[in-house]
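No hydrogens, no waters, no symmetry mates; every other heavy atom, side chains included, goes into these values. Since the model is a prediction, treat every value here as computed from it, not as a measurement.
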Number of protein chains: 2
Amino acid sequence: MLHKAKKTYHHGDLRAGLLSSARMLLEEQGISALGLRAITRHAGVSSAAATPHFGNLMGLLSALATVGYEELAVALEPVLEEGAHAAGLVYVRFAILNPGLFTLMFRSDVIDRNEPALAAARARTSGMLTRLIDSLGGQQPQRTQAGTRAALWGKVHGLAVLAIDGFLDVLLSSQGEGLSLEDLLEDALR
Amino acid sequence: MLHKAKKTYHHGDLRAGLLSSARMLLEEQGISALGLRAITRHAGVSSAAATPHFGNLMGLLSALATVGYEELAVALEPVLEEGAHAAGLVYVRFAILNPGLFTLMFRSDVIDRNEPALAAARARTSGMLTRLIDSLGGQQPQRTQAGTRAALWGKVHGLAVLAIDGFLDVLLSSQGEGLSLEDLLEDALR
DNA sequence: AGCGTAAACTTATCAGTGATAAGATTCTTT
DNA sequence: AAAGAATCTTATCACTGATAAGTTTACGCT
């Protein structure tokens, strides 16, 4: 409805249009704004128009989360060779730039983790991360491999979640002024 | 309804009863089961009985999250002297033992962070954590204070979230058998 | 003691939600 | 060009949280 002026009965690519509308609503008004009626109204179609494409609301949101995992994989790929520090920064930056989408990706009450496309995208992304971590080899000699994975993944993911929730800003403001959020992340991910 | 057989018009302590019912539903069926009608039905009262005590559903859930922050503070207090490793373990154990409650505590779309009691409990708990981290002093010499806080808090919180989501079990099963979840946490928190 | 007010609780109702069956429109395939 | 299938709309359903009005009980005040 925003871009196309032609009002044909068929939308052309309503599937993509609905995902785009949902994403806009998600980032601008939060997950609670992701109602079926709000999304379809924003896309300029009736509230039942999503059914043939996604089945139900959970199907739509699962498809949106799939987009999130795919974009995260695309962002991570070029820095995988540079090691955990660079990849961690990219991970947290993705979360900060797409807070709603990142949050949705881990909200298993709203998305269906068994959805095949979502499961595939997730497996691909998390496979990249575990391969990256394992490539560090013996840098953490007193830990098991699983312990190293958990520690790194936990720190990065925790920083992302805390950043979205605004906790890192609290830490920054309690500190002296001359520290940016980017500096803090660089520092914490060392 | 479960404990009391006497059916007086007034419940006695419906506020506590509703919180208890909500908590049971939360841990047994997840956050999506926390409807106003489900909670009041479980407590044996009408669906409007919560209004005088909590105003609305968000008020009820905020009060429940407040209980969570208070219990976490109580669990953390005795190990604060033992340092970050012990406190981190307690933090993650609390999350694993109360996955629904812990998740609720960080779901700002469902609870009201400006609720005075909740804000107070949160400030008290996070104050304990920052004081603990700061007491570590110069153990991380090449970091700023805010960076040290973020790194530790992030790792612990990330491990908690990943544990609840089942990611740590995945790491465990990919490892050789002889590693328990507790071992993994010990390892990762080192 | 008992009266009156306020609080707790119930009932009834309202607007809004996601799902779905049935009907209208357009694309596609033969 | 006709038939069939897919897309989209309309109308409706069961359900949700909120709320106004009515009923019951507790409790402070004289």
| said: Applying side-chain contact (heavy atoms from CB on, under 4.5 Å), can you list everything that pairs with Ala33(B), at least two apart in sequence or on another chain? | reply: Gln29(B)

| query | Is any side-chain heavy atom of His157(A) closer than 4.5 Å to a side-chain heavy atom of His157(B)? | reply | no

| field | Note: Arg23(A)-Glu71(A) ion pair, threshold 4.0 Å (strictly below) | value | yes

Nucleotides 16-20 of chain D: which of its N/O atoms have a protein N/O under 3.5 Å away?
{"from": "dG17(D)", "atom 1": "OP1", "to": "Leu36(B)", "atom 2": "N", "distance (Å)": "2.7"}
{"from": "dG17(D)", "atom 1": "OP2", "to": "Leu36(B)", "atom 2": "N", "distance (Å)": "3.1"}
{"from": "dG17(D)", "atom 1": "OP2", "to": "Arg37(B)", "atom 2": "N", "distance (Å)": "3.1"}
{"from": "dG17(D)", "atom 1": "N7", "to": "Arg37(B)", "atom 2": "NH1", "distance (Å)": "2.2"}
{"from": "dA18(D)", "atom 1": "OP2", "to": "Leu57(B)", "atom 2": "N", "distance (Å)": "3.1"}

| query | When you measure from the side chain of Pro52(B), which nucleotide among dC8(D), dA8(C), dT11(C) comes out closest? | reply | dA8(C)

| task | Report the distance from atom CZ of Arg15(A) to atom P of dC8(D), rounded to the nearest whole Å. | result | 13 Å

| Rounded to whole angstroms, how far apart are CG on Leu18(A) and P on dT9(D)? | 10 Å

| query | Quick one: Leu61(A) CG to dG18(C) P, roughly how many Å, whole number? | reply | 10 Å

| task | Please state how far atom CG in Leu60(A) lies from atom P in dA19(C), giving the value in whole angstrom units. | result | 10 Å

| request: Take atom CG of Asp13(B) and atom P of dA8(C), then tell me their distance rounded to the nearest Å. | output: 11 Å

| query | If only side-chain N and O atoms of His53(B) are considered, is one of them under 4.0 Å from the OP1 or OP2 phosphate oxygen of dA7(C)? | reply | no

| message | Under a 4.0 Å threshold between the charged nitrogen and the carboxylate oxygen, would Arg124(B) count as salt-bridged to Glu70(B)? | response | no

| query | Under the salt bridge (Lys or Arg N to Asp or Glu O under 4.0 Å) criterion, do Arg107(A) and Asp109(B) qualify, and how do the steps go? | reply | CA-CA 12 Å; Arg107(A) 281 283 301 271; Asp109(B) 55 325; 3.5 Å; yes

| task | Kindly determine whether Thr144(A) and Asp187(B) satisfy side-chain hydrogen bond (donor to acceptor under 3.5 Å, both in side chains), including the steps that lead there. | result | CA-CA 7 Å; Thr144(A) 65; Asp187(B) 198 0; 2.6 Å; yes

